[in-house]
Amino acid sequence: MKTLGAIEAGGTKFVCGIGTADGRVLDRASFPTTTPDETIRKVFDYFADKRIDAMGIGSFGPIDPIPGSPTYGYITTTPKPYWTNFNLVGAVKDQLKVPIGFDTDVNGAALGESRWGAAQGLDSCLYITVGTGIGAGAVVGGKLIHGLSHPEMGHILVPRHPGDPYEGTCPYHRDCLEGLAAGPAIVKRWNVQHGTDLPADHPAWEMEAYYLAQALMNYVLILSPEKIVMGGGVMKQAQLFPLIAEKLQQLLNGYVQHPSLNQNIESYIVPPGLGDNAGLAGALALADAAINS
C-alpha cells in the first residue's frame, strides 16, 4: 500500500502526517502557524526523512482549488497576516516533487468524515469547524462541492442576538457568522483570554448556539445533508451540541419533516467520528485522489 503525506494547514496550527489510502494516520506532528517561511520550513523538516507517493493539503482559506486557474494552489484573500496570495501548492511541489491534492481544510475534513468517520456510508454530509475562524465543507452525491471556487459558509449573514452589542471581528464583513461566532469573537465579546475560561453555564454559550443554529438552519434548507459534523476548538464545549439542536428545532418549527431532525437530532448533529484526525484523514483522501486522477 502506498504511503501518503498529509498537511492540515490551519490558521492556528499546521498538522503534518503520513498515512495510507484507507485513512489510517501512521504518524503526525503539529506546530504553530506563523509566517509562511517559518511554517513551510517546519513542514519540509518533517517530511525530510519520509518517503511518500503523493501529498494531500487541506488549507485554511480562501484558496483557489480550481486546476488550470493562474492562482491554483494559492491561499488568496485570507485575513491571516502574511499569508495573502501565498502559493502553498507551488512551494510544497517544488520541494517534494510528488502529485498533490489540494482543497480547503473543511472540505478535506468533510471528505474524511464521509469515508471513515461520523458520516461513513451516507451520500451527503456537512462538516463545519468553529475555531479561530468558521468554515464548512460539504459532500453531496459522494463528491465535494465546488463551483466558481469553494463554498465559504462561514461568512453568511445571520440575524444578531437581541442581547449582543458586539460589532464583530471579520475584516471583510464585520458581523457575518465568523465575525460573531468564531473563537476570537467570543474572547473579545466577553473580555476573557480564552473561551475555555467561561463556565459551561455562562450566557456566552447560549448566544453561540443562537448563531450556530441559524447557520445550520440555512445549510439544512439549502443542502439537506444527511449528517452534520461539528468540529474545531469551540465545539470542544460539549454543552453546545444540545443547545444548538434545541435552537435548530425551534427555528425549523416543524417545516422540514424527517426523523433525523424531529426525533433523533442528537444523532444528526455530532462531533467528528475521526476526532482530531478528521482534517488529516481528509488530506490523505485528497492525496489518494491525486494519485488516481
Side-chain angles (χ1 to χ4, degrees), residues 1-31 33 39-40 42-61 63 65 67 72-73 75 88-89 91-93 95-129 131 135-140 142-146 150 227 229 231-232 271-293:
M1 187 174 288
K2 294 183 183 298
T3 301
L4 305 176
I7 300 172
E8 182 185 3
T12 301
K13 65 180 178 179
F14 266 53
V15 184
C16 296
I18 58 170
T20 55
D22 59 359
R24 286 184 297 140
V25 176
L26 304 177
D27 185 69
R28 58 178 281 155
S30 65
F31 37 83
T33 305
T39 308
I40 295 302
K42 291 180 181 178
V43 170
F44 296 158
D45 287 346
Y46 173 80
F47 286 105
D49 61 348
K50 296 170 178 64
R51 297 190 60 168
I52 59 173
D53 297 289
M55 174 68 75
I57 304 173
S59 176
F60 69 92
I63 65 169
Y72 169 71
I75 297 171
L88 179 55
V89 168
V92 174
K93 197 162 192 173
Q95 180 75 15
L96 299 182
K97 296 177 173 54
V98 295
I100 295 177
F102 180 60
D103 216 313
T104 63
D105 49 357
V106 284
N107 260 353
L111 189 60
E113 286 292 324
S114 71
R115 287 196 181 183
W116 308 297
Q120 186 175 11
L122 301 179
D123 192 56
S124 64
C125 73
L126 179 86
Y127 179 92
I128 177 170
T129 185
V139 172
V140 176
K143 297 181 178 180
L144 292 169
I145 291 180
H146 292 107
H150 57 82
K227 184 81 73 174
V229 183
L274 297 171
D276 291 337
N277 276 339
L280 213 55
L284 291 174
L286 295 173
D288 184 49
I291 289 180
N292 296 311
S293 61

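Looking at heavy atoms from C-beta onward, Met1 lies in side-chain contact with Asp22 at the 4.5 angstrom threshold. Looking at Ile57 and Leu286, their side chains never come closer than 4.5 Å, going by heavy atoms from C-beta outward. Contact of the Phe60 side chain with the Thr129 side chain is not registered, since no non-hydrogen atoms from C-beta on lie closer than 4.5 Å. Arg51 places none of its side-chain heavy atoms less than 4.5 Å from the side chain of Thr3. Looking only at side-chain heavy atoms (C-beta outward), Thr12 and Thr33 stay at 4.5 Å or farther from each other. Two residues are said to be in side-chain contact when any heavy atoms from C-beta on lie closer than 4.5 Å; Val43 and Gln95 fail this criterion. Using a 4.5 Å heavy-atom cutoff, the side chains of Leu88 and Val92 are in contact.
The environment of Asp45 atom CG is dense: over 12 non-hydrogen atoms of other residues, nucleotides or ligands sit within 6.0 angstrom.
How far CG of Leu96 is from NZ of Lys50: 11.5 Å, rounded to the nearest 0.5 Å. Between the CZ atom in Arg115 and the CG atom in Asp288 there is a gap of 6.0 Å [rounded to 0.5 Å]. The CG atom of Leu111 sits 12.5 Å away from the NZ atom of Lys143 when rounded to the nearest 0.5 Å. From Thr20, atom OG1 reaches atom CG of Asp53 across 11.5 Å, with rounding to the nearest 0.5 Å. Of the inter-residue distances, the one linking Met55 atom CE with Lys93 atom NZ reads 12.0 Å to the nearest 0.5 angstrom. Annotation: the span from Ile18 atom CD1 to Leu280 atom CG amounts to 10.0 Å, rounded to 0.5 Å.
The shortest non-hydrogen separation linking Gly5 to Phe47 is CA-CE2, 4.0 Å. Heavy-atom minimum distance, Leu4 versus Ala287: CB-CB, 4.1 Å. The minimum heavy-atom distance between Pro65 and His146, with the atom names listed, is CG-CD2, 4.1 Å. In terms of heavy atoms, Gly73 sits closest to Phe102 at CA-CE2, 3.4 Å. Nearest heavy atom pair, residue Val139 against residue Ser114, reads CG2-OG, 4.0 Å. Scanning all heavy atoms of the two residues, the minimum distance from Asp105 to Ala9 falls at OD2-O, 4.1 Å.
One N or O on the side chain of His150 and one on the backbone of Ile63 form a donor-acceptor pair closer than 3.5 Å. In this structure a side-chain-to-backbone donor-acceptor pair under 3.5 Å is present from Glu113 to Leu274.
Taking the six-membered ring for Trp and thresholds of 30 and 60 degrees, Phe31 and Phe14 have nearly parallel ring planes, at less than 30 degrees apart.
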Item to check | Check against side chain to side chain contact (heavy atoms under 4.5 Å, CB included), Ile7 and Tyr46 | outcome: CA-CA 11 Å; Ile7 300 172; Tyr46 173 80; over 6 Å; no
